[in-house]
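Here is the structure we will look at.
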Amino acid sequence: MDAPGAGALRMTGSMQNLQSAFGLAVLLAIAWSVSENRFAVSWRRAGASLALTVVLALVLLKIPPVKAAVAAANGA
């Protein structure tokens, strides 16, 4: 049984994705703002790294055999 008000704390999958994307954008903005040489940032490299991270996350979380291997490694 859930505690009173616990329903308000639950988030749908799309809301969690939106919160994650917002958090990522904030972290990038903070990193850029404290950078000593802001114009030396290679946005192409940053975008490619972000895309690679998203692809790797999708592979690890959505492909059943890989997901099972990760779960088995987690249980070890």
Side-chain angles (χ1 to χ4, degrees):
M1 179 182 266
D2 289 339
L9 297 177
R10 286 193 210 129
M11 296 175 67
T12 63
S14 61
M15 283 299 292
Q16 286 178 341
N17 291 341
L18 183 61
Q19 181 181 13
S20 297
F22 180 71
L24 183 61
V26 168
L27 287 174
L28 285 172
I30 290 170
W32 181 82
S33 69
V34 298
S35 174
E36 291 181 6
N37 189 358
R38 293 182 183 135
F39 299 104
V41 173
S42 171
W43 292 107
R44 184 175 183 186
R45 181 174 287 174
S49 300
L50 182 59
L52 180 64
T53 302
V54 169
V55 168
L56 184 60
L58 289 173
V59 166
L60 292 172
L61 297 173
K62 298 296 182 182
I63 297 178
V66 177
K67 188 176 179 180
V70 171
N74 187 39

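Along the sequence shown, residues are numbered consecutively beginning with 1.
Residue V59 is not grouped with residue L52 when hydrophobic side chains (ILVMFWY) are merged at heavy-atom distances under 4.5 angstrom, including chains of intermediate members. Both F22 and I30 belong to a common hydrophobic cluster when Ile, Leu, Val, Met, Phe, Trp and Tyr are linked at side-chain heavy-atom distances under 4.5 angstrom. Under the 4.5 Å side-chain contact rule for hydrophobic residues, I63 and V70 share a cluster.
Surrounding CZ of R44 are at most 12 heavy atoms belonging to other residues, nucleotides or ligands under 6.0 Å away.
Between L58 and the choices L56, V54, V55, the side chain to side chain contact (heavy atoms under 4.5 Å, CB included) rule is met once, by V54.
Between L61 atom CG and K67 atom NZ the span is 7.5 Å, to the nearest 0.5 Å.
Between the S49 side chain and the R45 main chain, a donor and an acceptor come within less than 3.5 Å of each other.
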